[in-house]
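What follows is a single structure, written as structure tokens, with notes after it.
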Amino acid sequence: MGLLQKILVLFAGLILAFFFYSGNEDFKPEMLKGKRVIVTGASTGIGEQMAYHLARMGSHILITARTEAKLQKVVAQCLELGAASASYINGSMEDMAFAQSVVKKAEELWGGLDMLILNHVSPAFLSYFNSDVAYMQKVLNINFLSYVTMTVASLPMLKNSGGSLVVVSSLAGKVAFPFTVYYSATKFALDGFFSSLRQEFAMTNTNVSITLCVLGLIDTETAMKAVSGVVQISAAPKEECALEIIKGGALRQREIYYEYFSTRIPLLIRDWAPNLLDYIIQRNYNIEKLKD
């Protein structure tokens, strides 16, 4: 196939994908009214904003993160915004017992669960891979194995309610980026695990949806600090990103992409011109500013 044909196929695919993913039923905030929702990693950033959106929609909310004081502030704000109820539990997702305890608390509070939003992540930074296997294990525990643990613990309740699993991932879980070896490995793992699990649910008529959220660079404090001076691309707003994630889960979409074109175009280039994509990616890094 010639270059021109490849370009035409690429853009045709992009247009078809846009209409496919944007052509589903309309989202209505009342879809979340009274729903019982866990949001992990909710003391700051995207998770915090998701909690606020859910509160305005009248959901019952259980949030979790490491820092208790921050969670207390988010819960207070959720109640002011109109949440049906708001609670928190703090701890580290490196501990699988804690991950299980979050789901157990939801069961104690509500007797069931309608949506599990897995959003937590280990602190990330850009650096060359330094062969630290022990650190790789820690990141796998937080970014991947705790997701699996919470999924397994929540499935009986989600099956009973016909609920939804919402998994916050990244473009770095679809496309290989430099200086993110630890982070990217766990995001690729999420894609593989949950995409395979979705297939099994379909084959066994399990009425639990799985929405994988493929995000680009978002303007959270943590992300902006990590990429400052190194990555030369603009970031999308966390408030809008949080709402798109909730919409995707409520509509039981297979995947959501945010921002759409900045995440979909790289995937199309990856499939048709991988060397070109590598070149484009590498041109967006100022490696002189990279931390050792």
Side-chain angles (χ1 to χ4, degrees), residues 24 31-42 46-47 50-51 54 57 59-65 84-122 139-170 173 186-215 245-256:
N24 295 325
M31 290 176 173
L32 277 302
K33 187 174 179 62
K35 297 298 184 181
R36 302 157 295 181
V37 186
I38 294 173
V39 184
T40 69
I46 298 169
M50 283 194 283
L54 289 164
M57 296 171 192
S59 302
H60 295 277
I61 308 163
L62 173 60
I63 61 173
T64 181
S85 68
S87 305
Y88 75 87
I89 178 170
N90 67 296
S92 172
M93 286 295 181
E94 192 176 356
D95 180 0
M96 297 306 115
F98 172 72
Q100 290 176 319
S101 73
V102 176
V103 178
K104 182 65 176 177
K105 180 163 184 175
E107 186 174 21
E108 293 170 355
L109 286 170
W110 307 319
L113 184 65
D114 297 298
M115 183 178 289
L116 172 61
I117 303 179
L118 296 167
N119 169 71
H120 59 277
V121 68
S122 64
V139 176
L140 278 168
N141 286 341
I142 297 171
N143 292 9
F144 176 64
L145 291 177
S146 65
Y147 279 51
V148 176
T149 298
M150 290 190 69
T151 296
V152 170
S154 67
L155 273 179
M157 290 191 289
L158 291 174
K159 288 179 179 178
N160 188 54
S161 66
S164 302
L165 277 163
V166 181
V167 183
V168 178
S169 189
S170 168
T186 61
K187 293 301 185 181
F188 269 87
L190 289 178
D191 193 339
F193 176 81
F194 285 101
S195 295
S196 181
L197 188 63
R198 186 192 296 112
Q199 294 269 30
E200 294 184 13
F201 283 178
M203 295 171 72
T204 56
N205 295 313
T206 300
N207 187 27
V208 177
S209 66
I210 297 177
T211 300
L212 185 72
C213 306
V214 182
L215 309 183
I245 291 170
I246 293 169
K247 287 180 179 179
L251 295 174
R252 304 173 74 86
Q253 293 179 342
R254 177 190 181 94
E255 293 184 340
I256 68 127

Give, for atom CG of Leu118 and atom CG of Leu190, the distance between the pair rounded to the nearest 0.5 Å.
-> 8.5 Å

Which residue pairs pass the side-chain hydrogen bond (donor to acceptor under 3.5 Å, both in side chains) test when at least one of the two sits in residues 104-118, sequence neighbours left out?
-> Arg36-Asp114

How about Leu54 and Ile117: do any of their side-chain heavy atoms sit closer than 4.5 Å?
-> yes

Begin from the C-alpha positions of Asp191 and Val214 and carry the test side chain to side chain contact (heavy atoms under 4.5 Å, CB included) through to its verdict.
-> CA-CA 9 Å; Asp191 193 339; Val214 182; over 6 Å; no

Hey, does Val37 have a side-chain heavy atom less than 4.5 Å from the side chain of Met50?
-> no

Minimal non-hydrogen separation, Gly248 against Ile256, with atom names = CA-CG2, 3.7 Å

Partners meeting side chain to side chain donor-acceptor pair (under 3.5 Å) with Ser92 (sequence neighbours left out) = none

Ser59 side chain to Leu32 backbone, donor-acceptor under 3.5 Å = yes

Using a 3.5 Å cut-off and no angle test, enumerate the donor-acceptor pairs between side-chain atoms of residues 145-157 and protein atoms at least two apart in sequence or in another chain.
{"from": "Ser146", "atom 1": "OG", "to": "His120", "atom 2": "NE2", "distance (Å)": "2.7"}
{"from": "Ser146", "atom 1": "OG", "to": "Asn141", "atom 2": "O", "distance (Å)": "3.4"}
{"from": "Ser146", "atom 1": "OG", "to": "Ile142", "atom 2": "O", "distance (Å)": "2.6"}
{"from": "Tyr147", "atom 1": "OH", "to": "His120", "atom 2": "N", "distance (Å)": "3.4"}
{"from": "Tyr147", "atom 1": "OH", "to": "His120", "atom 2": "O", "distance (Å)": "2.6"}
{"from": "Thr149", "atom 1": "OG1", "to": "Leu145", "atom 2": "O", "distance (Å)": "2.9"}
{"from": "Thr151", "atom 1": "OG1", "to": "Tyr147", "atom 2": "O", "distance (Å)": "2.8"}
{"from": "Ser154", "atom 1": "OG", "to": "Met150", "atom 2": "O", "distance (Å)": "3.0"}
{"from": "Ser154", "atom 1": "OG", "to": "Thr151", "atom 2": "O", "distance (Å)": "3.1"}

Where do Leu165 and Phe201 come nearest, in terms of heavy atoms and distance?
-> CD1-CE1, 4.5 Å

Is there a side chain to side chain contact (heavy atoms under 4.5 Å, CB included) between Leu212 and Arg198 once you walk through the steps?
-> CA-CA 10 Å; Leu212 185 72; Arg198 186 192 296 112; 4.1 Å; yes

Can you list every side-chain hydrogen bond (donor to acceptor under 3.5 Å, both in side chains) pair that touches residues 202-214, not counting sequence neighbours?
-> Ser164-Ser209, Thr204-Thr206, Asn207-Arg252

For Ala51 and Ile61, the nearest pair of non-hydrogen atoms, with its separation, is O-CD1, 3.5 Å

Which atom of Met115 lies closest to which atom of Gly249, heavy atoms considered | CE-C, 3.7 Å

Across all chains, not counting sequence neighbours, the salt bridge (Lys or Arg N to Asp or Glu O under 4.0 Å) partners of Lys35 are none

Give the intermediate values and the outcome of side chain to side chain contact (heavy atoms under 4.5 Å, CB included) for residues Leu109 and Ser87.
-> CA-CA 9 Å; Leu109 286 170; Ser87 305; 3.8 Å; yes

Apply side chain to side chain donor-acceptor pair (under 3.5 Å) to Thr186 and list each qualifying residue two or more places apart in sequence or on a separate chain.
-> Asn143

Partners meeting side chain to side chain donor-acceptor pair (under 3.5 Å) with Ser101 (sequence neighbours left out) | none

Closest heavy-atom pair and its distance - Thr64, Thr40 | CG2-CA, 3.4 Å

In this structure, OG of Ser195 is separated from CD of Glu255 (nearest 0.5 Å) by 6.0 Å

Where Ala84 and His60 come nearest, the two heavy atoms and their spacing = CB-CE1, 3.4 Å

Drop me the distance from Cys213's SG to Gln253's CD, to the nearest 0.5 angstrom.
-> 9.0 Å

